Amino acid sequence: MGVCRSAIDGAFLLLLAMGGWLMGGGCRPAASPQGASDASPMRKPTGLFEDVTERVGIAFRHTNGSREKYLFLQTLGGGCAFLDYDGDGFQDVLLVTCGDFPRQQPQQNVFLYRNLGNGTFKEVTRGSGLDRDCQYAQGVAVGDYDNDGRPDVFITAYGGCFLFRNETQNAQPVFRDVTQQAGVGDTDQGTRWASSAAFGDYNNDGWLDLYVCHYAVWSPQIDKLCPVPGRRFTLCNPTVYEADADRLYRNEGNGRFTDVTHRAGIHRARGRGLALAWLDYNQDGWQDIYIANDMNPNILFRNNRDGTFTDVAPLAGAAYGADGMALSGMGVAVADYDNSGRESLFVTNLNGQLYSLFHNDDGQQFSYATETAGLRLPTFAYSGFGTAFLDYDRDGWRDLVAGNGHVNPEIDQYMPGVTYKEPKGLYHNQRDGTFRDLSPQSGDMTRPRSTRGLAVGDYDNDGRIDVLCVNRNDRAELFRNISPDKNNYLTIRLVGRTANRDGVGTKVWVTAGGLRQFAEARSNASYGSSHDPRLHFGLGKANRVERLELKWLSGRRDVYTDLAPNQFIVCTEGRGYAVERWHVGDS
């Protein structure tokens, strides 16, 4: 252990000197052999998660385009989402690939799989309205921007963004491209690189607004390669490209959005934005925004409640790593992992930097908690993108999952011990503010991949949270949760009436078995991805939910008592709750 720690510290210093992207080192946990690339339906599953991708009918494969010249643009992109686009109670799957760059001919790069409700999926992209070229697509955000009860889809891309409205034609759901009329094409300032996006209601008017992250100012004409000492040229550190400003669109409630980036003060903070999440970190009833930036300080936009925002990340302690340096922020997860009643932040970074856990101490200040939480050694050797908190074993304490994979496909040719493809990370919440690395016991998630997008959700409605991933130049993966726990749960779908229809920003407290849990409703986070929007609470052995509290962004508070566990319920603002009609129970 002493030798390993010494090697890690030495590699870390070298990493800082070289700029981060090309370097790695230290002692990394041994990855399982790649062997067969897919899970066989004939073998007996082991571990906590089982790869069921092929068995359930998902045949998507991501591609980043031509290999003749590997461009900086081709290191990123590839998102995924859970969404119930047809309203049948089962989460469908949407997957995003980049495609060729530059395009020689139009290519479809958004793929929709309908959940058939029997544990399998059917691809239904053709004729859905999503079967079109969305430029060099990067990620996806899902939200009901027009409050009609149907989830809409926003695609980020290099070369312009796309908004698809979910409509009904001939009794079938279809998506219509409304980008131009909505005013969110993101093409008015030339070709920009939009990475991630998220819906939130920053002015509490009941309509979902849209925040779009922009990465670097880049074009093929300024693409650069940098020398590797004693070797050859390879991808450069992102700092050779100028950081870009993000964009905030206000929803006018009439199908159109207004660009309020300057009016809101968003333009004052520039960074290479890769991931974001809406959250009310200070619990004042107004949604704030957190952005993970690559080699720029992370941003925490405090909502000033007057239509403007102020970046308070440096003062709040959520901008830098432990040494006060900007890191390679690539993915974001938000949750109340210690059941303190306040949501904390988790950010994935490049290998050698550690992943950042920012503990929300008092609703104003965050403390860097990576090392005290036991996440130093488990995360040091990896590069992470998509990530999420999830209570995989339903014990009432939120665990962590991270999709890993280096940005440089050639890294293993000149950096011993560092690989492009990496196993995913699974970290179990020990209920004392620390996490235990359970990655080796995770099952099929140990197979090395270069993962980008990651979303969590309960695709088979069995009360257990599953994991969906998009991998660079590889097939997608759907991991079914097969944890042997016998714990109980409660899953909640929200329907706003005065508040936005999705209930985004609603604060929810669940009290059961002497434990009070808290969560804020959101779906867009991770990296270029959207989670199952339903709120999932593990209840441990509790056989009743003593109290369920909801505080909507409208200010209304609903309280329910004495609920049965192991249910999927829908809570409608001001109108009570009901058990979902399709509920199939725990498996």
Side-chain angles (χ1 to χ4, degrees), residues 91 277-281 283 285 333-344 360 363 388-400 428-433 456-458 461-465 481 483 485-496 499 502-523 525 531-580 583 585-586:
Q91 294 294 302
W278 293 81
L279 76 160
D280 183 5
Y281 81 95
Q283 296 193 349
V334 185
D336 179 13
Y337 75 91
D338 59 347
N339 287 329
S340 65
R342 296 177 296 272
E343 291 193 314
S344 298
N360 190 335
F389 284 98
L390 75 169
D391 187 358
Y392 80 87
D393 58 352
R394 306 182 293 186
D395 65 352
W397 298 80
R398 297 186 185 274
D399 314 296
L400 267 169
H428 183 260
N429 193 324
Q430 298 293 93
R431 311 184 192 184
D432 58 2
V456 297
D458 186 358
N461 287 343
D462 67 350
R464 302 174 189 272
I465 297 299
N481 186 336
S483 168
D485 75 86
K486 302 297 183 183
N487 292 323
N488 297 321
Y489 68 92
L490 181 70
T491 297
I492 304 169
R493 180 168 66 89
L494 301 175
V495 176
D502 284 348
V504 169
T506 303
K507 296 177 176 66
V508 180
W509 294 266
V510 168
T511 302
L515 186 66
R516 190 172 192 244
Q517 300 179 56
F518 167 71
E520 185 177 329
R522 71 178 62 80
S523 61
H531 306 302
D532 182 340
R534 300 173 298 185
L535 293 163
H536 174 268
F537 292 89
L539 304 178
K541 302 303 180 185
N543 56 16
R544 302 298 294 177
V545 173
E546 299 151 24
R547 185 178 177 90
L548 169 62
E549 283 180 78
L550 302 95
K551 185 176 181 182
W552 306 80
L553 280 184
S554 63
R556 180 182 177 85
R557 186 182 293 268
D558 293 328
V559 178
Y560 310 107
T561 59
D562 194 27
L563 285 76
N566 302 328
Q567 295 190 100
F568 287 69
I569 65 172
V570 53
C571 294
T572 301
E573 182 183 10
R575 292 190 175 179
Y577 76 92
V579 177
E580 296 278 32
H583 181 223
D586 193 9

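Since this is a predicted model, take the numbers as computed values, not measurements. Scope of the values below: all heavy atoms of this structure, side chains included, with no hydrogens, waters or symmetry mates.
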Let me see the working for Gln567 and Glu580 under side-chain contact (heavy atoms from CB on, under 4.5 Å), right down to the final yes or no.
CA-CA 8 Å; Gln567 295 190 100; Glu580 296 278 32; over 6 Å; no
Separation of [Y] [atom2] from [X] [atom1] (nearest 0.5 Å):
X: Ser483; Y: Ile465; atom1: OG; atom2: CD1; value: 12.0 Å
X: Phe568; Y: Asp462; atom1: CZ; atom2: CG; value: 7.0 Å
X: Leu400; Y: Phe389; atom1: CG; atom2: CZ; value: 4.0 Å

Grab the two heavy atoms, one from [X] and one from [Y], that are nearest each other, plus how far apart they are.
X: Ala521; Y: Leu535; answer: CA-CD2, 4.1 Å
X: Leu553; Y: Val504; answer: CD1-O, 3.3 Å
X: Ala333; Y: Ala388; answer: CB-CA, 3.8 Å
X: Asp391; Y: Gly538; answer: OD2-CA, 3.4 Å
X: Ala525; Y: His531; answer: CB-NE2, 4.2 Å
X: Leu494; Y: Gly503; answer: CD1-O, 3.8 Å

Test side-chain contact (heavy atoms from CB on, under 4.5 Å) on Asn339 and Trp397; report intermediate values, then the result.
CA-CA 7 Å; Asn339 287 329; Trp397 298 80; 3.4 Å; yes
Between Asp532 (side chain only) and Val456 (backbone N and O only), is there a donor and an acceptor less than 3.5 Å apart?
no
Any sub-3.5 Å donor-acceptor pair from Glu520's side-chain atoms to Asp280's backbone N or O?
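Pair found, side chain donor or acceptor close to backbone of Asp280.
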What's the verdict on side chain to side chain donor-acceptor pair (under 3.5 Å) for Asp395 and Asn487, showing C-alpha distance, side-chain angles and the deciding distance?
CA-CA 6 Å; Asp395 65 352; Asn487 292 323; 5.9 Å; no
Please identify each residue that fulfils salt bridge (Lys or Arg N to Asp or Glu O under 4.0 Å) with Asp502, with sequence neighbours left out.
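Once residues adjacent in sequence are excluded, Asp502 has no partner under the salt bridge (Lys or Arg N to Asp or Glu O under 4.0 Å) criterion.
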Salt bridge (Lys or Arg N to Asp or Glu O under 4.0 Å) partners of Asp558, counting only residues at least two apart
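With sequence neighbours excluded, Asp558 shows a salt bridge (Lys or Arg N to Asp or Glu O under 4.0 Å) to Arg556, given in chain and number order.
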Parallel, tilted or perpendicular: rings of Tyr392 and His428 (30°, 60°)
perpendicular
Pair Arg534, Asn461: side-chain N/O donor-acceptor within cut-off below 3.5 Å
yes
Going by side chain to side chain contact (heavy atoms under 4.5 Å, CB included), name the residues that satisfy it together with Arg557, two or more places apart in sequence or in a different chain.
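Arg557 satisfies side chain to side chain contact (heavy atoms under 4.5 Å, CB included) with Trp509, Glu549, Lys551, Val559 only.
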For Thr561, which residues count as a side chain to side chain contact (heavy atoms under 4.5 Å, CB included) partner, sequence neighbours excluded?
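None.
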Sequence neighbours left out, what passes side chain to side chain donor-acceptor pair (under 3.5 Å) with Thr491? Give chain and number order.
none
Selection residues 333-344 - residue pairs positive for salt bridge (Lys or Arg N to Asp or Glu O under 4.0 Å), sequence neighbours left out:
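Qualifying pairs, neighbours excluded: Glu343-Arg522.
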Is the NZ or CZ atom of Arg493 positioned over Tyr577's six-membered ring, under 6.0 angstrom from the centre and within 45° of the axis?
no
Go through the steps to decide whether Cys571 and Leu548 satisfy the test side-chain contact (heavy atoms from CB on, under 4.5 Å), and finish with yes or no.
CA-CA 10 Å; Cys571 294; Leu548 169 62; 4.0 Å; yes
Residue pair Arg575, Val495: steps toward the side-chain contact (heavy atoms from CB on, under 4.5 Å) verdict
CA-CA 10 Å; Arg575 292 190 175 179; Val495 176; over 6 Å; no
